[in-house]
Amino acid sequence: MASYFPALIPQPDSEQTPYKLSFWLDMDAPLEVIHDLQDLLTFTGLQAEVIFSNERDVDIIPKNSNKGEATAYLQELLQAQLDATIICGGSGNDISLFQQPSAGIIVANAQTELLWWYYKTHYPWHFLAHYPGAAGILEGLIYFNILPFPNSWRAMGYAPP
């Protein structure tokens, strides 16, 4: 199916698996290619999902096998309560995680696709950190009262989130 879209450039064989086809989107191509590919897969009856991330990566995976579905499965398997799970991420391929009803921390240096989704949906159980990477995750854990706000930070003039 992807061969119908010349704007999709196959990634090296090392990135391909029996359960994932990976492509790069030509930088000059419109983003509608992603939607058109998903529409074609759906129209033909293939149970597949298109995931766009890193402003260029396109993955085709089996339907219901994304990170969010895997997390929901593990929560059920482990009988973990939703409030015992905090989702953390910063990539477009993390959107399915944040579609779950668990609390979530989006790091400040998140990719455009995830930030766009966050601002569009703006679920109140998600926290957009002011700091990138691990510091943003720590900030979120403080925000959700999982970690206490360090007194040493107060002494340096920082205020809790």
Side-chain angles (χ1 to χ4, degrees), residues 1-2 11 13-23 25 31 34-35 37-154 158-161:
M1 295 285 156
Q11 290 187 15
D13 289 344
S14 61
E15 298 302 315
Q16 312 299 335
T17 76
Y19 302 103
K20 177 181 68 80
L21 297 174
S22 295
F23 301 87
L25 180 65
L31 290 179
I34 307 302
H35 302 293
L37 174 59
Q38 182 65 67
D39 289 347
L40 181 60
L41 292 169
T42 302
F43 176 76
T44 59
L46 289 174
Q47 297 297 307
E49 179 178 357
V50 178
I51 298 176
F52 181 62
S53 62
N54 301 319
E55 299 180 8
R56 186 170 185 201
D57 296 336
V58 179
D59 292 328
I60 301 173
I61 62 172
K63 195 92 169 157
N64 300 324
S65 66
N66 59 43
K67 290 181 178 184
E69 295 292 333
T71 299
Y73 172 78
L74 287 173
Q75 286 171 324
E76 184 178 328
L77 180 70
L78 300 172
Q79 299 177 355
Q81 299 298 316
L82 293 178
D83 61 356
T85 306
I86 296 184
I87 304 300
C88 303
S91 171
N93 64 9
D94 293 330
I95 290 172
S96 64
L97 284 170
F98 290 102
Q99 291 172 327
Q100 300 301 315
S102 295
I105 302 166
I106 299 172
V107 295
N109 61 328
Q111 294 173 349
T112 305
E113 301 88 15
L114 180 56
L115 291 173
W116 178 83
W117 178 87
Y118 168 78
Y119 285 116
K120 186 176 87 169
T121 58
H122 210 281
Y123 293 133
W125 55 88
H126 294 148
F127 174 72
L128 179 58
H130 298 91
Y131 295 98
I137 293 171
L138 289 173
E139 177 189 6
L141 292 174
I142 292 168
Y143 173 84
F144 286 117
N145 293 315
I146 305 300
L147 293 176
F149 189 79
N151 286 328
S152 60
W153 290 8
R154 276 191 182 85
Y158 294 108

**Request:** Could you note down all residue pairs passing salt bridge (Lys or Arg N to Asp or Glu O under 4.0 Å) where residues 39-59 supplies at least one of them, sequence neighbours left out?
**Result:** none
**Prompt:** Hey, does Leu21 have a side-chain heavy atom less than 4.5 Å from the side chain of Gln16?
**Reply:** yes
**Message:** Would you compute the distance between atom CD1 of Ile95 and atom CD of Gln100 and round it to the nearest 0.5 angstrom?
**Reply:** 13.0 Å
**Asked** Just by modelled atom types, is the Leu41 backbone N or O under 3.5 Å from a matching donor or acceptor in the Gln47 side chain?
**Response** no
**Request:** Using a 4.5 Å cut-off on heavy atoms from C-beta on, say whether the side chain of Phe52 contacts that of Val50.
**Result:** no
**Asked** Do Lys120 and Trp116 have side chains that get closer than 4.5 Å, going by heavy atoms?
**Response** yes
**Message:** Counting C-beta onward and ignoring hydrogens, is there a side-chain heavy-atom pair between Tyr118 and His122 closer than 4.5 Å?
**Reply:** yes
**CD on Glu76 to OG1 on Thr71, rounded to 0.5 Å** = 13.0 Å
**Prompt:** Can you tell if the side chain of Ile51 reaches within under 4.5 Å of the side chain of Val58, non-hydrogen atoms only?
**Reply:** no
**Prompt:** What's the spacing between Tyr143 OH and His126 NE2 if we round to 0.5 Å?
**Reply:** 11.5 Å
**Message:** Please check: side-chain N/O of Ser96 versus main-chain N/O of Gly68, any donor-acceptor pairing under 3.5 Å?
**Reply:** yes
**Message:** Within the supplied structure, the quantity of interest is the number of heavy atoms (other residues, nucleotides, ligands) at a distance under 6.0 Å from Tyr131 OH; does it exceed 12?
**Reply:** no
**Side-chain touch Phe127/Ile106, heavy atoms, less than 4.5 angstrom** = no
**Complete:** Interatomic distance, CD1@Ile86 vs CG@Leu97, rounded to 0.5 Å, equals 13.0 Å
**Message:** Taking the side chain as everything from C-beta on, heavy atoms only, tell me whether Phe144 gets closer than 4.5 Å to Ile105.
**Reply:** yes
**Request:** Would you give the length of the straight line joining atom CD of Gln111 to atom OG of Ser91, rounded to the nearest 0.5 angstrom?
**Result:** 4.0 Å
**Prompt:** Which atom names give the shortest non-hydrogen contact between Ala110 and Leu115, and what distance separates them?
**Reply:** O-CD1, 3.4 Å
**Request:** Measure the CG-CD distance between Leu77 and Gln79 for me, rounded to the nearest 0.5 Å.
**Result:** 8.5 Å
**Asked** Can you name the nearest heavy-atom pair linking Ala48 to Ile60, along with the distance?
**Response** CB-CG2, 3.9 Å
**Message:** Determine whether Lys63 and Ser65 satisfy the following criterion, side chain to side chain donor-acceptor pair (under 3.5 Å), listing intermediate values before the conclusion.
**Reply:** CA-CA 6 Å; Lys63 195 92 169 157; Ser65 66; over 6 Å; no
**Message:** How close do Val107 and Ala129 get, counting heavy atoms only, and between which atoms?
**Reply:** CA-CB, 4.2 Å
**ring-ring contact (aromatic ring centres under 6.0 Å, His included) assessment of Trp117 paired with Tyr123** = CA-CA 10 Å; Trp117 178 87; Tyr123 293 133; 5.7 Å; yes
**Prompt:** Gln75 versus Ser102: any side-chain heavy-atom pair under 4.5 Å?
**Reply:** yes
**Prompt:** Do you know the tightest heavy-atom contact between Asn66 and Glu69?
**Reply:** OD1-N, 2.8 Å
**Shortest non-hydrogen contact from Leu82 toward Pro101** = CD1-CG, 3.6 Å
